[in-house]
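Only a predicted model underlies this, so the values are computations on that prediction, with no experimental measurement involved. Lettering follows sequence order; numbering is per chain, from 1. Computed over heavy atoms, backbone and side chain alike; hydrogens, waters and symmetry mates excluded.
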Amino acid sequence: MDLNDTPEQAEYRAHVRDWLERHRDQAPPRSGSYEDGGYVDARRAWQGRLAEAGLAAVTWPVQYGGRGLGPIEQVTANQEISRAQVPGILDVIGIGMLGPCLIAHGSEEQKSRHLGPMLHGDEVWCQLFSEPAAGSDLAAIQSRAQVDGDGGFVLNGQKVWTTNAQFASFGLLLARTDPDVPKHKGLTMFIVPMDAPGVTVRGLRQISGEAEFNEVFLDDVRLPADAVVGGVGNGWGTALTVLMFERLTIGFGSENFGSPTHLAQAIAGDETARRDVDARRRLGDVITELLAVRFNGYRALTVLSRGQIPGPEAGLAKVTTVNAGVAAIDLAVDVLGPDALAPETEWSYLTSFLPGLKSAGGTEQILRNTIGERVLGLPTEPRLDKGVPFSELRSRERQEVRS
Amino acid sequence: MDLNDTPEQAEYRAHVRDWLERHRDQAPPRSGSYEDGGYVDARRAWQGRLAEAGLAAVTWPVQYGGRGLGPIEQVTANQEISRAQVPGILDVIGIGMLGPCLIAHGSEEQKSRHLGPMLHGDEVWCQLFSEPAAGSDLAAIQSRAQVDGDGGFVLNGQKVWTTNAQFASFGLLLARTDPDVPKHKGLTMFIVPMDAPGVTVRGLRQISGEAEFNEVFLDDVRLPADAVVGGVGNGWGTALTVLMFERLTIGFGSENFGSPTHLAQAIAGDETARRDVDARRRLGDVITELLAVRFNGYRALTVLSRGQIPGPEAGLAKVTTVNAGVAAIDLAVDVLGPDALAPETEWSYLTSFLPGLKSAGGTEQILRNTIGERVLGLPTEPRLDKGVPFSELRSRERQEVRS
Amino acid sequence: MNFALSDEQELLREAARAALSRVNTVQAARAAIEDPAALPDLWPTAVQAGWPGLLIGEERGGAGLGGFDALLVLEECGRVLASVPLLGLFPATAILDAAGDESLESVASGDLRPAYIPSRPPSDLLDGWTVEPHSGATRAPAPRATLDGDRATLEGRVAWVPDAPGAELLVVAGIDAGGAPVAVAVPAGADGVSIEPATRYDATRSLGHVTFAGARGRRLDAGADVLIGAWYLAQALIAAESVGATQTCLDVAVAYAKERHTFGRPIGSYQSIKHELTEVLRRLENARGLQYYAGWAHEAQPVELPLAASAARSAAGAALDFAARSLINVHGGIGATWEHDAPLFFRRAQLSRRLLGGTHDATDRVAEQAMSGALSGAGAGV
Amino acid sequence: MNFALSDEQELLREAARAALSRVNTVQAARAAIEDPAALPDLWPTAVQAGWPGLLIGEERGGAGLGGFDALLVLEECGRVLASVPLLGLFPATAILDAAGDESLESVASGDLRPAYIPSRPPSDLLDGWTVEPHSGATRAPAPRATLDGDRATLEGRVAWVPDAPGAELLVVAGIDAGGAPVAVAVPAGADGVSIEPATRYDATRSLGHVTFAGARGRRLDAGADVLIGAWYLAQALIAAESVGATQTCLDVAVAYAKERHTFGRPIGSYQSIKHELTEVLRRLENARGLQYYAGWAHEAQPVELPLAASAARSAAGAALDFAARSLINVHGGIGATWEHDAPLFFRRAQLSRRLLGGTHDATDRVAEQAMSGALSGAGAGV
């Protein structure tokens, strides 16, 4: 039981800290608007610097530009980047989830063409999985990829909740190539250039008024045969790799929504709230939950550093973090009053942001199903869609709603 | 919108109040042990007095000894009984639920034989529905009634959660007469003399150590053909009548677990708790919930007095009442400390009593299913037991658990 | 015993619903977040419906209806997020009517729009009449009135006053030099009065910080009981408005849960969705029962109004918060997008429960009432 | 970075589990409700396992292990509701060891059983060292020690002390005339000491009200930091015990949910059951993560112990309450019957969270720590 670095880890930390101290004055600000092209370019360039210094893609194999180190070193790098108060990489989705998927399932051509520009921020990637009717039930994807005369494909459909699509160069896209087999079986993964004819990106405004996500429309988008990743009909398995890396990214729950320190300060700063037993109890509950996430993160990291994959229960960290965040904001607004809901405040932003986050990456209900079944071994619900061809499933639904 | 009595109601109230004032000194104490035969006998006799005076079975037709009045008069009588600080009827289950079922489904012989002694407390009744494997899923009853040579029946099985069985003269029992049809179809309702050979009653101790309920074992109990109520194979429909009257009884939620007044006094009496914002807020929440139950009860009563049946949402009063009760006890013990958990206290009793009550009369989950489907019109869950013969269902389950 | 709406009340409710249906108020609530001018002026609708005179006696040109009826109107406004300045109007007219003020005819006709400038009466941990702080939990004293016969001069500031911007007559709950409550009517345009408009998060809610610096008005013939009644009427009104909004949240969520499919089933068939929506229903019905209690107490049992209105406020504020979050959850990500109606109800929920003392304060008052013995008599019977 | 149990710790846990498995402690917990004599004496088991010396240095005959290890032992006791007087023992030995007291060898060998007589250190809304009130929320001052060189005379009363009955040496956190903390060791049999046994609701929990009336003992060489450390060690210990009990609640409930059928399906396939049990898991794992944090802080980062132990206590107390109620709910009516194990865990949950200041008090201390800035450094890194 030791939270200190081993000598090797300490050496790596010193290297990272030293590099950051020498270069931190070249970093762009930590926050800025992604609508501002200049800011995005500065973040791309900074990602390139981090990559050159070995602070990005720490766990990627050396042959693809990574450092070939373990998850603890990745966390170390992140900790030091945070400590230096500089921004981290821009393309968290590409480097954290899509790149590792390409490394696992991509062809040699795909890897050599894409991994370098991804790593250095020259080409940002986005994940084109979710659809309006395929969120929790991801395998219900309706986007169609039909074979055309040349052995290539023609894509039609709509994607949603796509982060970074507005400035991404490529997307990793899941589409249905065969509707006449059960729904998990007819899917294929593709690489889509975001500037291909027929691709349209539209910002999706959230409660807060900001466009945190995008919708992506695909109208007769033509793709060559070598755009396929992992083989035709193997899209579900390829997608699961991405989702596994997504879980690892979210699972550590190192990210807190709304600084607990700010919350504590806000309460401590109000003479009445400081002595209000109820406000104190609510603050104590929030802090307790967030501390639990942090120390369970260390437990998961220990497992990971031993070469094992943490179980799905790591996903509970997201539930805890989001719900504690909601409770924290609620308390802050109770204490500070309506002024906390002025547009420019941290509290107002989070009040709007968190309700949407609850379903990002799968709703809490789906997560609890998965954990109940895979961790506790509870029986599954009866499934009405098993083994049924996707096309039949859809017409059945349409009928039901009409009746 | 008027909570006052109409002139007719006021007259009835005056009659009841007058009678109670003249007879209250003859009443037994409001609480006592049901293990004490003397106390039970006193309560039987008192029920007889109430019945004679028209204060019991207020809504039963006059021809069966009732007053033929409406639900408001029944509530009025209950209010006055409570105000006079005397006990009400002993056999709430018989008069509130089983008698009305006999009136609806019983033969003339059954009515003339049983309703009188039931009403006057000479013969107490119990409800023999629930079984160890048939609680929420009541139609899964396994007790078997097989036809014998004389056209009578032989009963075998086990019932549970039977209130008053230890001193009841008769039970209304649901048993399976045909296992080879789907589960709702093979059931029949019977009248069982509790002193019949083969009937064994055993107290079922609760967390508190008291036997609030009983188990009833049935071993080759012989019943004549005229013990059937409502026809062979019609048991489910007959049972639904009982359950509807049960819902009306519980639905008003007039009963609070743990007096909110006592709770408020306990908090007001502790100098620290009186000024503890958290304790106050929790008290305020409990009181708010209980007030809502009371005023929704008036709404339901208004519906009822117009000859309509309140919807299943009235069952939410039970959820609110039990959960508010749990919150109330929790607060009381927090404020008073471990001494509140001494065996003789009201708080200690309720701490033990309420967890069991949560599932009495159907779990909260089942209630929420029913209300979600019947009130909000939400779709049902897929059912795996529909149309399947009961005997096949059972063997399927056994196999699953083994696998 | 009859605890249901009368035929007249059903009609009043239908009329309010019809009047409000002429404008797409929900759409306007969204547009107004970016452009406050997009909010339709519903005062003419209110005047046409006769709401300004609803609580004013018939002899003064009003309709002579009761608090229960006013609550039904607010419930309808809440259903569609209509921005009608009734939270300011109704308590103000209740005070003016009790005082038999000279302005009543103009108010009843809709020619003079009054707004209630509230003060929170003492009766719990906090002593004395206080007002909303501009920021933070520490409360400020109510405006101080220096009296000179029928005239009163006011000093002080009240923050986050609903419907203050645009009002023509301010009906103020202040305190005199000895801390006793005084009701004062001040024209909004009088010297020494300033109203700083403030909108936060929910664009349909017109708020203002009202400052009195030597503002002169007339003292109203209304005592502590009238001012206490006005405060609790305001609590009940905002509760009823939340009940209406909660009903819409439930209706929209239920409709979606029947239609949206995952894993081959409508999502409303899953227990997690079904039970959550049943919980919305439970909270809604509880809040509505307490709204009726508050309306009944206002008309028939004023001694129970503090308990009833506080309980209604507490239950309804929490119900709407829960319902708005459920509405978003049931919709998944789409429920948190700008074009969906769910965020508008969410915004309403978040701001509303922090106004007029806030819902937690109302819960505290329920506790205080219970501890001081108001409970035993609550609601007739038993 | 390594936040997992060492091989030695795994072995210690296995050994504890094996030692406790020799008696059916859950069965005994039920029998003891009616007959306290039915409770087995597990002190010999503790002695054999070496627990009395666990926290005592090897040079004094102890094992020289740390707080983390003590927590693992308590977790195992909690799993099976074993009644071993460790809540009294471990904090007492921690104080005696820090003071280098003369009794250490006898304590380490198990010949002399000490019990910690706690006082709650100041650091939140309540000022000064206080002790459990006998009833009600208003706290009493800690026992007052009149000093005379190495000797101390105690006056005062501490209620609801775990493991006081049967202890031979009382290790008391008192205050001197100036209110400063003083550690005093008093033989339980000394004049002026009385211990009134008190059992409430959970028969496995031996409690006592301890009164000092001019009781004379020896002053221990242990300052405020040691007494504060003992209080938070006690908080962490009762947390770990609750973590163990929560684990059993989850295991039993999950097993039943797989086996019990309604409407043709195992009940664990229904979302309401599945999600509730997942919530038990979430709370359990959070509490366990914080138990590890507290154990780590006790050994490696004492400045974070108040935050860590309070957080662990707060999370574990709530987790066990939730888990015990879930265990009953999942079983339906049968879970509330005398013969079932669920009520025993329920009793444990209800009493435990009211002892040693109570879980709400621990939550309050987390808040105080956060507000006084302890948070920024919490748990290395970031």
Side-chain angles (χ1 to χ4, degrees), chain B residues 1-6 9 72 75-76 78-79 82-83 254 260-261 263-265 267-268 274-275 277 279-289 291-299 301-303 305-306 313 316 319-320 364-365 367-369 371-373 375-382, chain C residues 1-6 9 66 68 124-125 250 254 257-258 265-266 268-271 273-275 277-279 281-282 285-290 292-293 295-296 299-301 307-308 310-312 314-315 318 360 362-373 375-376 378-382:
Chain B
M1 195 68 43
D2 185 4
L3 290 182
N4 296 324
D5 292 329
T6 61
Q9 287 164 353
I72 297 210
V75 169
T76 301
N78 294 349
Q79 285 175 344
S82 168
R83 185 177 172 278
S254 54
T261 311
L263 177 64
Q265 284 164 351
I267 294 169
R274 179 82 172 85
R275 303 189 68 79
V277 185
R280 295 168 62 95
R281 189 158 302 167
R282 291 162 69 192
L283 173 64
D285 280 332
V286 166
I287 301 294
T288 297
E289 296 274 290
L291 284 172
V293 169
R294 180 181 302 175
F295 286 89
N296 279 343
Y298 294 146
R299 289 168 72 198
L301 201 56
T302 302
V303 170
S305 69
R306 294 175 175 183
E313 68 271 21
L316 289 172
V319 174
T320 302
E364 185 173 326
Q365 284 84 2
L367 188 70
R368 287 187 186 268
N369 278 353
I371 292 169
E373 288 157 23
V375 181
L376 300 179
L378 294 170
T380 56
E381 291 201 81
Chain C
M1 153 74 73
N2 172 14
F3 212 64
L5 301 191
S6 66
Q9 286 166 339
F68 199 104
D124 57 8
L125 280 184
L250 178 61
V254 165
K258 291 178 186 174
R265 288 165 51 183
S269 70
Y270 291 99
Q271 284 191 338
I273 301 281
K274 189 176 287 175
H275 292 186
L277 292 178
T278 309
E279 177 64 10
L281 176 70
R282 189 187 71 84
E285 289 303 320
N286 280 357
R288 184 172 277 135
L290 292 168
Y292 286 13
Y293 177 26
W296 170 79
E299 295 186 7
Q301 194 77 355
L307 176 64
S310 300
S314 174
H360 290 315
T363 314
D364 191 76
R365 290 185 163 228
V366 173
E368 180 62 33
Q369 292 292 310
M371 288 193 288
S372 58
L375 207 59
S376 50
V382 188

Is [X] in contact with chain C via its backbone, its side chain, both, or neither, using a 4.5 Å heavy-atom distance?
X         : result
Gln265(B) : neither
Leu376(B) : both
Val286(B) : neither
Asp5(B)   : backbone
Arg282(B) : neither
Val303(B) : neither

Separation between [atom1] of [X] and [atom2] of [Y], rounded to the nearest 0.5 Å:
X         : Y         : atom1 : atom2 : answer
Leu291(B) : Leu307(C) : CG    : CG    : 5.0 Å
Met371(C) : Thr261(B) : CE    : OG1   : 13.0 Å
Asn286(C) : Thr320(B) : CG    : OG1   : 4.5 Å
Tyr270(C) : Leu378(B) : OH    : CG    : 13.5 Å
Arg280(B) : Leu125(C) : CZ    : CG    : 3.5 Å

| query | Salt-bridged, Glu285(C) to Arg299(B), with N to O below 4.0 Å? | reply | yes
Search all heavy atoms of [X] against all heavy atoms of [Y] and return the closest pair with its distance.
X         : Y         : value
Val366(C) : Gly284(B) : CG1-O, 3.6 Å
Thr288(B) : Ala311(C) : CG2-O, 3.4 Å
Gln365(B) : His275(C) : O-NE2, 3.3 Å
Thr363(C) : Arg281(B) : CG2-O, 3.4 Å
Ile287(B) : Ala370(C) : CG1-CB, 4.0 Å
Thr302(B) : Ala4(C)   : CG2-CB, 3.8 Å

Quick check on the interface: out of Gly289(C), Ala300(C), Ala287(C), Pro266(C), who has the most heavy-atom pairs with chain B under 4.5 Å?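 Looking at each option in turn, the highest pair count goes to Gly289(C).
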Leading residue by heavy atom contact count with chain C [cutoff under 4.5 Å; candidates [options]]:
options                                    : result
Thr380(B), Leu263(B), Asn369(B)            : Asn369(B)
Gly377(B), Pro379(B), Pro382(B)            : Pro379(B)
Glu289(B), Arg83(B), Glu313(B)             : Glu289(B)
Arg275(B), Arg274(B), Arg306(B), Glu364(B) : Arg274(B)

Checking [X] against chain B: side chain, backbone, both or neither under 4.5 Å from a heavy atom?
X         : result
Glu368(C) : both
Leu5(C)   : both
Arg265(C) : side chain
Arg288(C) : both
Glu279(C) : both

Any side-chain heavy atom of [X] within less than 4.5 Å of one from [Y]?
X         : Y         : value
Glu299(C) : Asp2(B)   : no
Arg368(B) : Gln271(C) : no
Thr278(C) : Leu367(B) : no

**Prompt:** Parallel, tilted or perpendicular: which describes the rings of Tyr298(B) and Phe3(C), with under 30° parallel and over 60° perpendicular?
**Reply:** perpendicular
